[in-house]
Amino acid sequence: MSVLVYTESENGSFKKTAYEVASYAKGVADMMGTDVAAISFNANDAGDLGTYGVNRLHNVSDSKLDKFNAAAYANAIAQAAKAEGAKVVVISSSADSRYLGSLVSVHLEAGYVSNVTELPSSTDPFTVKRTVFTNKAFSNTAITTDVKLVGLSKNAYGLKENATECAVQSFEPSLNDNDFSVTVQSVDKATDKVTIADAEVVVSAGRGMKGPENWGMIEELADVLGAATACSKPVSDLGWRPHGEHVGQTGKPVASNLYIAIGISGAIQHLAGINSSKVKVVINTDPEAPFFKAADYGVVGDAFEVVPALIDKLKAFKAANA
């Protein structure tokens, strides 16, 4: 009766979210007096999973699953859960896993709770804390079904090392043509940039930048910090930046460790999408901008003066500590 965790990978390598959900699953397993099993698709090396408490990895090796396929992945995860007799299944809050959640829930007849932020406060009844109302409040939710499906919020639990030996075994789920009724023809993504979903730090800017020609310093600051770049909805609507960078209630949600907002007033829709970020820094010329009320740190000043100075300081710091 193990805890099963779905560990996401890309090009054979595990994502950071895989280690976070593994850490969380280990915490749940300790509370329940059991161990942790994982399932992944076409992963090359399971060694690091053992660092975070995974005892067994069911690795599915199938070229048809090189690209994410929600129906096939959900079916395989459900079969692994049944093989393990798992009463708790843990997934992340990535876009792919959110898509998977409802499908896995149906396969296992499991209650599904997303946006979970902490270990269960109780295992009988199984009760978890989750964010609600676009991260404005918390709810303690009891899952009463025999199998429980937990979706962990990004950066909510962190990485917790709990070294154990991870045994890797091949897993061959029974998949049929219906699982492949939708196929992915191609995936286009930038390979030289940090994605918003995986970023620990996000540098975001709004109409205060005055035009797309001024985005160079935003990208330079992001480069120095190893951060992803993002923007407000008006900026993407104006075509200054791609829609894939739009964060907010109607864009991509952000749960980074550090979110830097430059020239963004802080409309409620934008704040709803970034509220889960741990530390928020605002740079704006308007001291009355709504964003300052939500910020942990604020700089009232002209971005065209503040940002270049910040870049210079960060570069000097990195050079001194190289």
Common cluster, [X]/[Y], ILVMFWY with side-chain heavy-atom separation under 4.5 Å:
X	Y	answer
L103	V5	no
V254	V116	no
V281	I262	yes
V300	I260	no
L221	I264	no

About how many Å separate [atom2] of [Y] and [atom1] of [X], when rounded to the nearest 0.5 Å?
X	Y	atom1	atom2	result
T164	L49	OG1	CG	11.5 Å
N176	N75	CG	CG	7.0 Å
Y19	L159	OH	CG	9.5 Å
K16	S92	NZ	OG	11.0 Å
H246	I196	NE2	CD1	9.5 Å
S105	K148	OG	NZ	12.5 Å

Derivation of the side chain to side chain contact (heavy atoms under 4.5 Å, CB included) call for F126 and V150
CA-CA 11 Å; F126 194 92; V150 175; 3.9 Å; yes
Is there a donor-acceptor contact under 3.5 Å linking the side chains of S40 and N59?
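Their side chains do contain a donor-acceptor pair, which is all the 3.5 Å distance test asks for.
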When you compare the side chains of E245 and T229, does any donor N or O come within less than 3.5 Å of an acceptor on the partner?
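Result is yes, a qualifying pair exists.
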Taking [Y]'s backbone N and O only, do any of them form a donor-acceptor pair with [X]'s side chain (distance below 3.5 Å, no angle check)?
X	Y	value
E20	G158	yes
N140	T127	no
T7	A18	no
N155	A255	yes
K129	P120	no
S181	N178	yes
R130	N115	no

Determine whether [X] and [Y] make a side-chain contact, defined as any pair of heavy atoms from C-beta on separated by less than 4.5 Å.
X	Y	answer
T117	F138	yes
S97	E8	yes
W215	V235	yes
V247	H270	yes

By salt bridge (charged side-chain N to carboxylate O under 4.0 Å, His left out), which residues pair with [X], not counting sequence neighbours?
X	value
D30	K26
K293	none
K154	none
K64	none

After noting the C-alpha distance and the side-chain angles of Y259 and V279, does the key distance pass the side chain to side chain contact (heavy atoms under 4.5 Å, CB included) rule?
CA-CA 6 Å; Y259 184 81; V279 177; over 6 Å; no
Contact summary for [X] and [Y], nearest pair of heavy atoms:
X	Y	result
G53	V36	O-CB, 3.6 Å
S232	S204	N-OG, 4.4 Å
F292	G298	CE2-CA, 3.6 Å
I283	G301	CG2-O, 4.2 Å
C231	R241	SG-CB, 3.8 Å
A22	V54	CB-CG2, 3.7 Å

Through direct or indirect side-chain contacts below 4.5 angstrom among Ile, Leu, Val, Met, Phe, Trp and Tyr, which residues connect to [X]?
X	answer
Y112	L4, Y6, I39, F41, V60, L65, F68, Y73, I77, V89, I91, Y99, L100, V104, L108, V147, L149, F171, L175, F180
F133	V132
F317	none

With sequence neighbours left out, what residues match Q269 under side-chain contact (heavy atoms from CB on, under 4.5 Å)?
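Q269: side-chain contact (heavy atoms from CB on, under 4.5 Å) contacts with Q249, A267.
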Please lay out, stage by stage, how E200 and L258 fare under the test side chain to side chain contact (heavy atoms under 4.5 Å, CB included).
CA-CA 7 Å; E200 298 287 336; L258 173 62; over 6 Å; no
Derivation of the side chain to side chain contact (heavy atoms under 4.5 Å, CB included) call for N257 and V201
CA-CA 6 Å; N257 288 327; V201 181; 5.8 Å; no
Please collect all salt bridge (charged side-chain N to carboxylate O under 4.0 Å, His left out) contacts where either partner lies in [range], sequence neighbours excluded, each pair once.
range	answer
residues 157-166	none
residues 166-184	none
residues 81-109	R56-E84, K87-D146

Kindly check if the number of other-residue, nucleotide or ligand heavy atoms within 6.0 Å of CD1 (I268) is above 12?
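No, because the 6.0 Å sphere around CD1 of I268 holds 12 heavy atoms or fewer from other groups.
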Scan for side chain to side chain donor-acceptor pair (under 3.5 Å) pairs involving residues 273-286, sequence neighbours excluded, and state none if there are none.
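Non-adjacent pairs meeting side chain to side chain donor-acceptor pair (under 3.5 Å): N135-S276, S256-S277.
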